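Below is one structure, written out as structure tokens; the observations come after it.
Below, chains carry the letters A, B, ... as their sequence lines are ordered, and counting in each starts from 1. The model shown is predicted, which means the values in this text are computed figures rather than measured ones.
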Amino acid sequence: MNLTDLPGLNYVPVLLLMTSLVPGVLIFFLRDEQVRLRTVLNVSGAVAKVGLVVVLVPPIVAGRSLEWRSPFLPGIDLVLRVEQLSLLFLGLSALLWLATTVYAIGYLEGSPGRSRFFGFFSLCVTATVGIALAGNLVTFVIFYEFLTLATFPLVAHRGTPQAIAGARTYLVYTLSGGIVLLAGVAWLTHLVGPVEFTAGGAQQLAHLATTEPRLAQAVFVLLIAGLAVKAALIPVHGWLPRAMVAPAPVSALLHAVAVVKAGVFGIVRVVHHTYGVEVADTLGVLLPLAVLAAATIIFGSTLALFQDDLKRRLAYSTVSQVSYVTLGIAVVGVVSTTGGIVHLVHQGLMKITLFFCAGLFAETLGLHKVSELRGVGRRMPVTAAAFTVGALGMIGLPPVAGFVSKWQLGLGGIEAGHPWIVAVLLTSSLLNAAYFLPIVYRLWFLDPGESPPWEGVRTTARRLEAPPSLLLPAVAAALFALLAGLLAEMPYSPLEVARKIAERSYLGL
Amino acid sequence: MSTLWAVSFLTPVATVFALGLVGLAPDPATERWRRRLVLLAPATVLPALALAFAGPAAGAVQIPWLLLGTMLEVDPVGRPLLLVAAILYGVAAVAVATVGTARAPALMSFLLVSFVGNIGLLVAADAVTFYLAFAVMSFAGFGLVVHERTDFARRAGRIYLVLAVISETFILGGLILVAAAGGRVLADAPAAVAASESTGLIVAVLLVGFGVKAGTVPLHVWLPLAHPAAPPAASAVLSGCMIKAGIVGWIRFLPLGEEAQPGWGLLLVVLALLGAFLAVPAGVLQGDAKVALAYSSISQMGFLAALVGVALAAPELADAAIVAAVLYAAHHGLAKGALFLGIPLWRRYGSGVIRWWIVGALLGAALAVAGAPFSSGSVAKYAAKGAVGEASLLGVDLVSLLPLVATGSTILLARFAFLLLSGPRQQPHRVDAPLVSWSVLVVAGISLTWILAGEWFPVTTVPDLEPVTLWDASWPILLGVAISAVAWWLSHHERLPGWAAHPDGRFLPPGDLVVPEEALILRVRWALERGAARGFAVRSALIDILAAGVRRLGATGSVLRGAEQQLRVWEVSGVVTLGLLLVLLGAGVVR
Amino acid sequence: MNDTLGALVLLPLGGAVLAALLPRHGPWVGIVTAAATLALALTTAAAVYRSGPRHLELAGWGAPLGIDLRADGLSAAMLALTAVVGVATTVYATGSDAASGRPLFWPLWLALWSGLNAVYVSGDLFNTYVALELVGLSAVALVALGGRDAYPPALRYLFVAVLGSLAYLLGVALVYAEAGTLDIVEAGERLDGATTAVTALTATALAVMALGLALKTALFPLHAWLPQAHAAAPSAVSAILSALVVKASLFVLVRVWFVVFGGAATPGAAQLLGILGTVAVVWGAVLALRQPRLKPIVAYSTVAQVGYLFLLFPLATPGLGEAAGTTAAQAAYAGWTGALGLALAHGLAKAAMFMAAGTLALAHGSDRLTDLRGAATRMPMSTLTFGLAGASLAGLPPTFGFVGKWQLLQASLISGQWWWLPVLLVGGLLTAAYTVRVLGATVNPPDAELAPLAPVPRRMEWAALSMAALAVMLGVSSSGLLGLLGVGAPVGGGP
């Protein structure tokens, strides 16, 4: 199945890592004032990665794969593999990294510690790419922990006591999760040897599940428990709202691509490419997972209702939305799996839009609270429009991408004989509407009043409502969220790729 | 023909985008552009009008890459309503564009978006496209309702939005169930629903979801609030087109003609008739002409819903009932639209010569709504009568109940006329575009459209358009007129209690049930908040316990530190070393 | 080729003499010696990796009379670690007098290095004793370079070193009495033949040797001297002591335990060492969390990390000998590569950590955590070094520390000794906790006034960073190193 046209092609996965690792490491050694060089490094790395991914799309979607491996632990290789699922995540992270880099360059203009920030920022993306490419559990764990380490300085970046406290909470949660995951992986490796990710599940696990079902269940629980921390499933979601102290681009990346996604991506890998969904189903571990995800969906949405801080509201919304992915993959059936996997991308696009906009409101007008957003639509119409697209998508209204996910998930739930999932989705939709529509209403339909909160705030932008480096990524992300839904059935759309992944994982090809 | 399809949807969308873009930089030059765009905007409904005339000739369109695969088609159900929508939105847009409306570009944008949604849901041939169009229309409708930005409009908007979101949610759930049952394509939907294991659930969910839009009791509460709050042009499309979407939704997805659902059918008929009749006293007690019209709409929608209910309960009547419902919806849309749009015209021309034309036209429209002989209403009512011929409700023949709806309508319209005539008027005015287009609506609409609609329809199940017995159509109206006259006499001579003699909407506030419903929602929200507060309290208590644990661990730390101090003492370390030696010796010797 | 073993001892020794004779040229002598020793050590390691254990009979006499030099995979790895860390600390020490102590640093350090190499290549028990004494005494003298405040800890260190050596010597005498030879391999073979009736003498020998070496390795509860001594020494010396010197006595204990007493070691004793190690992991970490100053934190971290290394004994002991089953042998091999890999990782990371702590303390004029504010922005390299080293110590992937920890996890699982799993897993969290505590202290609050920094030569920061980077990067290419550790290992089960 490998591309054999060119001998060097199997180094492409390494190259994909290097496009962010090399700029990241170089940036560490730049002084803060070397803006131009840093920007060139950042942007060229990001563009190169996007370019590589774009080139890879047609052959990989057609079913080929690229693999690079090197011995790591005794008997265990470090495996980097580009196949469909990794491509999906890779595409998301490459695209959003580019957007976020541009955004961050504008956001952090003139603030101290930029080289450190961008260094870790690139490392963070490197880790995410590694997670996407990881071809076996051990490689996955490596990048998973690497991600924890790379994001910690980003969360703490501001250096305020709250930032340090938030970062510490983050670290306590994620490291503990990492340890549980590591225990699970070590145990599994001991039981069945090194496990390679295989569509439809690894053979060894099918064997283990028949011979030692109890052990297989226990390991599954450990693995999922470890991943659940980053995936922000209740009751281990607590770090997410507290990590909100991070600068906006970091929050955007954390919520849309990197940390939270790494968790759910891991769950996809464990359920579909390690155990195999059928094996997991016979073990009886999927239904509890689905119920947990459903509970998280409702819980996150409910708590979001009570947040006045915009970013915290978005954070609780993430808790809820990300569990859609878990819900989708914990339900047996191609449609549901497609919905779960495609939401990986869709949630990323929508959430990053929302965070970009939240950052724009905070940076341009100094607004952090929902209650302060009265009439901002008049002052910042483009930002408010982008926010509206994201919010409507989150509610699940067509033609934004969120609808496509919700539709698939609902159909999948019924197909699998779990109609209660539709009820969960709809309740969540109602709650989403209940906490997003008031914001949209405030933005557009309320008057800012005599003295709006942003009175006297000076802005650097002359013609546009905000600096273009902040505005363009937000608009682009909103556009992508819209197009992902509007053109859901186009070739190479996330939905199509997700469907292929799901089909393969059931055929066990 | 696909060009026509594309143009029908893209021109209004492009106009809205252009309005938005031009609005980004409001300075005098762009202001002029905006005004021009607003003036041009009404023309964007014309392609849709052409589409309606083309009908099946426009062909079915499949756009597999759009959304989840989009299918469009003008079918017999959608075609008359498409025509109505194009006309009504066009007239409303002319009114918005030419009368000095406040923030006309915004209103025009919402109107056009809502138009796109409205025609979209009429021509959608698959569930997803239908849902998309329905959602677009619903949420654009919010912009129409709150346009005036008064406190009253905001409250109306809030209630509209809450109900719209609930409706969307139920519809989405219902459509997911329908699609899962194999009804993705609308043509297959009723059969698929009938064959599904969970028909009852689907029917229930859809009844709620579309019931909100169709103004079915008890989900009708937004109507009497939204209509007076919105600008008249918006009220016209709201009442004339949007609320019909609910009926269309039912026709598209309920298993009409496939499987008898007597229980649900009966429930719908009962609720529908409750609405049809209770709206009359509720509407009469209002002091605002537009609220009275809104209650008239609720009453009429009750009539329509009753038809759907009959179709649901008795599959053999379904075809006829659907035909009747569509005809009735088309007719009512135009007539009610004409009435709403007539209100500002009356106020503007109310003291000039032109007022006679307006009064006459309004009277015509009102008679049509009531179903007077020779009006579109009579045809529609006749069709309905034919459709429900054998159906009965708790032993009472529906046929004998339906004419009474006309009586109710007459009373409501009489109240409307009274309120309008006693309302304020302005100085005479020149003939202008809104008047012309309104006149076109009244004439072309009321007299011509129903004929077209009838011709486009598969008329096999409808009796030919022969003149109906005069008396059959007349007595309910005459009865209504008589009751109104008596009521007027009684109140004029102060023979009635004050709240009934000079109602001003205080005895029964507009939106009737909304008051207790709002209170209920507030209570739920309060309970939720209290629950959340309790949850937070529990959580902080847990955190306190955890923190205490951590502190205790910290105390362990100081114990360790003390022990470490001890270990540094020479003697202690000596003893420890010797002790360890002994242990090692023991461990090494004992096997 | 075999001559490199002798040269590895003699070269630093010659350097030491030269440095003593030319006190003003100490740095140059140090650098040249270090570079040459590094080259030798790497050549040796490569040779061992390629063609198995080396053996050299010095002066051609052979055992039992002559000086036998041996180098198996473990020796080679330790030689290489010593050389790599040695070069880095040498470069580091040239940066500042305050970091090295005085001109006396150079001869002492090179002598210490010579002693370390001697420990690793020595083939008999008595020569090992001599080498250990050389290491111990020069280490004590190096601690004393820390100035007047360092004298009491140095004195205590002296007592400990001498007591440990004496205990070891007593054990050597007992072994000689039992086996009649001092050659490590031969003694092992002879004692092994006598396993059927392990005498009380053998047991006593093992006990006193274990005690003495555990004392020198600072195993809990015999660790009290270490934090004081390591914290009081100049920072280059701290790095050497924590990264290298502690490993020398551990190396000897491993040799004695697995080669000399291979058949005599009881599971009970092995478990005891493991339990003491476990307590050390928690004890050291908790105390590290409560230290107000940077160097004691790092020193207590060493106490904790040494604890991990002692998990080798319970995990590998059951797999010794021919009689052990395949599973036990597999577990033993995993434990062996894991624990000793962890020792290498600790050497690199701890050197980096102490050096970073040293530069931070030098620049800020104090190593109190409260005085380190703003270091994250003003000395990013040192902060990064500290963080990377902490990550490796915590065993976070992809560092080399992770590889070691993974092997230990596998060993625990394979051997069924699941009770070590929580130690391995939670210990990492505790390590991360005190690392983060330090990193948190270096962050600059937005509007704080900061005192100016004392200048620190860049090469000091680079030396530290290079060690930390190595500790991280070796993780990705660890298979060769793990393979090296397995060459000539006394436990079976290797691939």
- Query: Among A:Lys406, A:Glu496, A:Glu489, who wins on heavy-atom pairs under 4.5 Å with chain B?
  - Reply: A:Glu489
- Task: Kindly check if the number of other-residue, nucleotide or ligand heavy atoms within 6.0 Å of OH (A:Tyr173) is above 12?
- Result: yes
- Item | Validation row: B:Tyr131, A:Leu397 side chains within 4.5 angstrom (heavy atoms) | yes
- Item | Rounded distance [0.5 Å steps], CG in B:Leu161 versus OH in A:Tyr441 | 9.0 Å
- Non-hydrogen atoms of chain A under 4.5 Å away: do they reach the side chain of B:Val146, the backbone, both or neither? side chain
- Task: Check whether B:Ile63 gets within reach of chain A through its side chain, its backbone, both or neither, counting any heavy atom under 4.5 Å.
- Result: neither
- Task: Let me know if B:Arg158 has heavy atoms under 4.5 Å from chain A in its side chain, its backbone, both or neither.
- Result: neither
- Task: Please state whether the side chain, the backbone, both or neither of A:Leu437 comes within less than 4.5 Å of a heavy atom of chain B.
- Result: side chain
- Message: Taking side chain as everything from C-beta outward and backbone as N, CA, C, O, which of these in B:Leu175 sits under 4.5 Å from a heavy atom of chain A? Side chain, backbone, both or neither.
- Response: both
- Atom CH2 of A:Trp420: over 12 foreign heavy atoms under 6.0 Å: yes
- Note on the structure: Smallest heavy-atom separation, B:Ala180 atom then A:Leu411 atom, equals N-CD2, 3.3 Å
- Which atom of A:Asp447 lies closest to which atom of B:Arg149, heavy atoms considered: OD1-NH1, 4.5 Å
- Message: Once you measure the plane-to-plane angle for A:Phe445 and B:Phe142, does it fall in the parallel (<30°), tilted (30-60°) or perpendicular (>60°) bin?
- Response: perpendicular
- Task: Considering non-hydrogen atoms only, spot the tightest contact between A:Ala488 and B:Leu68 and give its length.
- Result: CB-CD2, 4.3 Å
- Check: B:Val128 and A:Phe403 side chains under 4.5 Å, non-hydrogen atoms: yes
- Query: Just wondering, more than 12 heavy atoms not from B:Phe17 lying within 6.0 Å of its CZ?
  - Reply: no
- Message: Looking at A:Phe480, I'd like to know if its CZ atom is crowded, meaning that more than 12 non-hydrogen atoms belonging to other residues, nucleotides or ligands lie closer than 6.0 Å.
- Response: no
- One should read off an interatomic distance between A:Leu486 CG and B:Leu66 CG, to the nearest 0.5 angstrom, of 5.0 Å
- Query: Is it the side chain or the backbone of A:Leu303 that comes within 4.5 Å of chain B heavy atoms, both, or neither?
  - Reply: side chain
- Closest non-hydrogen atom pair, A:Gly485 against B:Leu67: O-CD1, 3.2 Å
- Which atoms of B:Ala135 come close to chain A, meaning under 4.5 Å heavy atom to heavy atom: side chain ones, backbone ones, both, or neither? side chain
- Message: Need one label for A:Ser493: side chain, backbone, both or neither, based on atoms under 4.5 Å from any heavy atom in chain B.
- Response: neither
- For A:Ala433 and B:Val165 the tightest heavy-atom approach is CB-CG1, 3.5 Å
- Message: Is the shortest side-chain heavy-atom distance between A:Leu426 and B:Phe170 below 4.5 Å?
- Response: no
- What residue in A:Leu487, A:Val422, A:Ile395, A:Val404 has the most heavy-atom pairs under 4.5 Å with chain B? A:Leu487
